[in-house]
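What follows is a single structure, written as structure tokens, with notes after it.
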Amino acid sequence: MTDEPDKEARKAPEPDFAAQVGAKAARKLKARRHATPGVWFGLGMMGLIGWSVVVPTLLGAAIGFWLDKHSPGQYSWTLALLMAGLTLGCLNAWHWVSKEDQAMRDEQEDSDE
């Protein structure tokens with residue numbers, strides 16, 4: 001019976017403090033890398049995309065309105081520059097979305113490896 005506690009102690013040695021700290025740190029780092037974006041992240045991204053469309057559209061309309069006032073012509077500068085600003089804003093939003101999509105794909109590939 002005296003050998004029982006010795007065998008038990010040899011079978012399951014307790015990991016040392018440094019190994020425990022290292023394991024916890026690794027778990028925390030993995031959780032931070034693979035954190036799912038929350039609701040606020042989604043709302044912020046929608047706001048970013050929205051503003052990236054709205055700002056060029058309004059700037060195009062404002063410049064077109066100013067040009068129509070100062071040099072009237074047969075065609076409306078306001079409408080032409082509004083459409084140009086909208087096109088530029090949509091391309092800008094597409095750029096942001098594709099960049100975020102690529103970043104998510106890269107992160108997924110890194111976690112798969």
Side-chain angles (χ1 to χ4, degrees):
M1 286 258 183
T2 58
D3 289 334
E4 276 307 312
D6 291 336
K7 286 182 184 177
E8 200 60 42
R10 279 185 266 148
K11 278 187 180 178
E14 284 190 33
D16 61 338
F17 182 68
Q20 289 176 351
V21 170
K24 283 185 180 182
R27 279 197 308 266
K28 277 187 180 182
L29 288 174
K30 185 177 179 183
R32 284 184 184 165
R33 276 195 308 262
H34 302 298
T36 57
V39 173
W40 292 111
F41 176 79
L43 290 173
M45 187 57 67
M46 284 187 343
L48 177 72
I49 292 169
W51 281 110
S52 69
V53 173
V54 167
V55 169
T57 303
L58 291 178
L59 282 174
I63 293 170
F65 184 73
W66 182 82
L67 282 173
D68 279 341
K69 257 187 171 178
H70 287 85
S71 62
Q74 183 181 2
Y75 300 105
S76 171
W77 281 107
T78 304
L79 188 58
L81 291 179
L82 176 92
M83 293 305 294
L86 181 62
T87 303
L88 182 66
C90 288
L91 288 172
N92 193 16
W94 176 76
H95 170 74
W96 276 100
V97 169
S98 88
K99 189 167 107 174
E100 283 296 316
D101 183 50
Q102 186 63 39
M104 288 188 323
R105 287 181 188 200
D106 290 345
E107 185 177 311
Q108 183 67 28
E109 286 176 3
D110 288 344
S111 68
D112 288 345
E113 292 174 357

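Starting from 1, each residue takes its place in the sequence as its number.
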Pair up each side-chain donor or acceptor in residues 84-92 with any protein partner under 3.5 Å, not counting sequence neighbours, and list the distances.
unit_1	atom_1	unit_2	atom_2	d
Thr87	OG1	Met83	O	2.9

Would you mind writing out the side-chain donor-acceptor pairs for residues 54-69 within the sub-3.5 Å range, not counting sequence neighbours?
unit_1	atom_1	unit_2	atom_2	d
Thr57	OG1	Val53	O	2.7
Trp66	NE1	His70	ND1	3.3
Asp68	OD1	Trp77	N	2.9
Asp68	OD2	Ser76	OG	3.4
Asp68	OD2	Trp77	N	3.4
Asp68	OD2	Thr78	N	3.1
Asp68	OD2	Thr78	OG1	2.7

Taking only residues two or more places apart in sequence, or in another chain, which ones meet Lys99 in a side chain to side chain contact (heavy atoms under 4.5 Å, CB included)? His95, Trp96
For residues 42-50, run the donor-acceptor check on the side chains, cut-off 3.5 Å, and write out each pair with its distance to 0.1 Å, sequence neighbours left out.
none

Supply the members, apart from Leu82, of the Ile/Leu/Val/Met/Phe/Trp/Tyr cluster built from side-chain contacts under 4.5 Å; use none for a lone residue. Leu79
